[in-house]
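Keep in mind that this is a model prediction, so the values were computed, not measured. Start at 1 with the first residue, then count along the sequence.
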Amino acid sequence: MDYRRLAIELIGNMQLPGKERQHKGLGGARSELMLLMFIEHKEEVVPKDISEAMGVSTARIAIALNDFADKGLITREIDDNDRRRIIVKLTPKGKEFVTDRKQIFIDKITEFLALLGEHDAKEYVRIMGRISEIMRKHHI
């Protein structure tokens, strides 16, 4: 049984679009990883878009971005076309950080699924996929 492939499928099922992916608070490492993954996916983004997509206040996003900037994980640049906009991008260090953390996350999910066993792991991933499908379809 390829539990790693199953883990990647499960993680894909967990990635809901837009406001359906609500992260209240940004307190944990997983939420911070999701924020960094969002930036990685968009390549460059403005803080307001991050706030709206994650369902977190712009103030909380600003705090998280300040922390990431202090750690050298992101840059913030003024948009040449609109000087009021700040564009957020991952640094090479930030990209490496996200890649490493995603790998760790996949490893943990893989281990969890292996502990469930083949039948239960497949069912769990199937049910989570169905839940995600319903949530997207009905905007829950």
Side-chain angles (χ1 to χ4, degrees):
M1 172 78 224
D2 186 357
Y3 289 106
R4 184 169 199 73
R5 181 198 56 74
L6 208 55
I8 292 168
E9 181 181 338
L10 177 62
I11 292 166
N13 288 341
M14 296 164 63
Q15 309 254 335
L16 300 175
K19 289 189 179 184
E20 293 155 23
R21 184 190 320 154
Q22 301 282 319
H23 294 278
K24 302 295 181 205
L26 275 181
R30 229 180 255 157
S31 294
E32 290 177 348
L33 177 59
M34 293 304 288
L35 188 154
L36 289 169
M37 287 172 56
F38 180 80
I39 296 168
E40 175 190 46
H41 177 71
K42 296 290 186 179
E43 292 185 20
E44 61 179 50
V45 66
V46 296
K48 181 181 177 197
D49 293 343
I50 299 169
S51 171
E52 289 175 359
M54 298 192 77
V56 178
S57 73
T58 54
R60 293 290 300 150
I61 295 299
I63 291 167
L65 293 178
N66 286 338
D67 184 46
F68 296 151
D70 291 345
K71 293 176 181 174
L73 302 176
I74 64 156
T75 61
R76 289 180 280 199
E77 304 167 2
I78 296 173
D79 185 343
D80 291 336
N81 298 323
D82 182 349
R83 308 225 17 104
R84 296 170 294 173
R85 286 175 32 116
I86 302 294
I87 297 173
V88 178
K89 298 179 185 180
L90 287 182
T91 63
K93 180 179 178 181
K95 290 177 185 178
E96 183 178 333
F97 179 87
V98 170
T99 299
D100 291 347
R101 293 308 182 276
K102 280 195 295 191
Q103 197 60 52
I104 291 167
F105 189 56
I106 290 169
D107 291 346
K108 287 182 183 210
I109 298 286
T110 300
E111 181 182 356
F112 167 75
L113 293 173
L115 290 169
L116 278 177
E118 183 173 349
H119 175 75
D120 289 342
K122 285 180 178 178
E123 276 300 292
Y124 180 72
V125 172
R126 182 191 66 76
I127 290 168
M128 291 304 294
R130 182 73 177 120
I131 289 169
S132 293
E133 178 186 316
I134 290 167
M135 290 177 74
R136 276 191 296 271
K137 183 177 180 181
H138 297 281
H139 307 288
I140 296 173

> Can you name the closest pair of heavy atoms from S51 and S57 and give their distance?
Replying inline: OG-C, 3.6 Å
Check: residues 67-74 side-chain donor-acceptor pairs under 3.5 Å, at least two apart:
{"unit_1": "D67", "atom_1": "OD2", "unit_2": "K71", "atom_2": "NZ", "d": "3.1"}

> Just how far is it from atom CD1 of I109 to atom CD1 of I104, taken to the nearest 0.5 Å?
Replying inline: 13.0 Å
>> When you group the ILVMFWY residues by side-chain heavy-atom contacts below 4.5 Å and let the links chain together, are L33 and V45 in the same group?
In response: yes
>> What I'd like to find out is whether the side chain of E9 reaches to under 4.5 Å of the side chain of L6, using heavy atoms alone.
In response: yes
>> I'd like to check L65 versus L35 (side-chain heavy atoms, cut-off strictly below 4.5 Å). Are they in contact?
In response: yes
> Can M128 be reached from M1 by stepping across I, L, V, M, F, W or Y side chains whose heavy atoms are under 4.5 Å apart?
Replying inline: yes
> Taking C-beta and beyond as the side chain, do R76 and N66 meet within less than 4.5 Å on heavy atoms?
Replying inline: yes
> Shared ILVMFWY cluster between I11 and M135, side chains joined below 4.5 angstrom?
Replying inline: yes
> What are the two closest non-hydrogen atoms of G117 and Y3, and how far apart are they?
Replying inline: C-OH, 3.4 Å
> Roughly how far apart are D49 CG and E44 CD, rounded to 0.5 Å?
Replying inline: 11.0 Å
>> Hydrophobic cluster membership, with links at side-chain heavy-atom distances under 4.5 Å among I/L/V/M/F/W/Y: are I127 and F112 in one?
In response: yes
> Partners of E118 by side chain to side chain donor-acceptor pair (under 3.5 Å), sequence neighbours excluded?
Replying inline: K122
> Just how far is it from atom CD1 of I106 to atom NZ of K108, taken to the nearest 0.5 Å?
Replying inline: 13.0 Å
>> Walk me through whether R60 and I63 qualify under side chain to side chain contact (heavy atoms under 4.5 Å, CB included).
In response: CA-CA 5 Å; R60 293 290 300 150; I63 291 167; 4.0 Å; yes
> Quick one: salt bridge (Lys or Arg N to Asp or Glu O under 4.0 Å) partners of D107, sequence neighbours excluded?
Replying inline: R4
>> Minimum heavy-atom separation for I61 and P47, please, with both atom names.
In response: CG2-O, 4.1 Å
> Going by heavy atoms in the side chains, are I86 and I78 under 4.5 Å from each other?
Replying inline: yes
> Which distance, rounded to the nearest 0.5 Å, do you find between the CG of L10 and the CZ of R5?
Replying inline: 11.5 Å
> How would you list, by chain and number, every residue that makes a side chain to side chain donor-acceptor pair (under 3.5 Å) with E111, sequence neighbours excluded?
Replying inline: none
>> Going by side chain to side chain donor-acceptor pair (under 3.5 Å), name the residues that satisfy it together with D2, two or more places apart in sequence or in a different chain.
In response: none
>> According to a hydrophobic-cluster definition based on side-chain heavy atoms being under 4.5 Å apart (Ile, Leu, Val, Met, Phe, Trp, Tyr only), do V46 and V88 belong together?
In response: no
> With sequence neighbours left out, which residue pairs that include part of residues 90-104 fulfil the salt bridge (Lys or Arg N to Asp or Glu O under 4.0 Å) condition?
Replying inline: E40-K102
> Which is it for E133 and R136 under the salt bridge (Lys or Arg N to Asp or Glu O under 4.0 Å) test, yes or no, and what are the steps along the way?
Replying inline: CA-CA 5 Å; E133 178 186 316; R136 276 191 296 271; over 6 Å; no
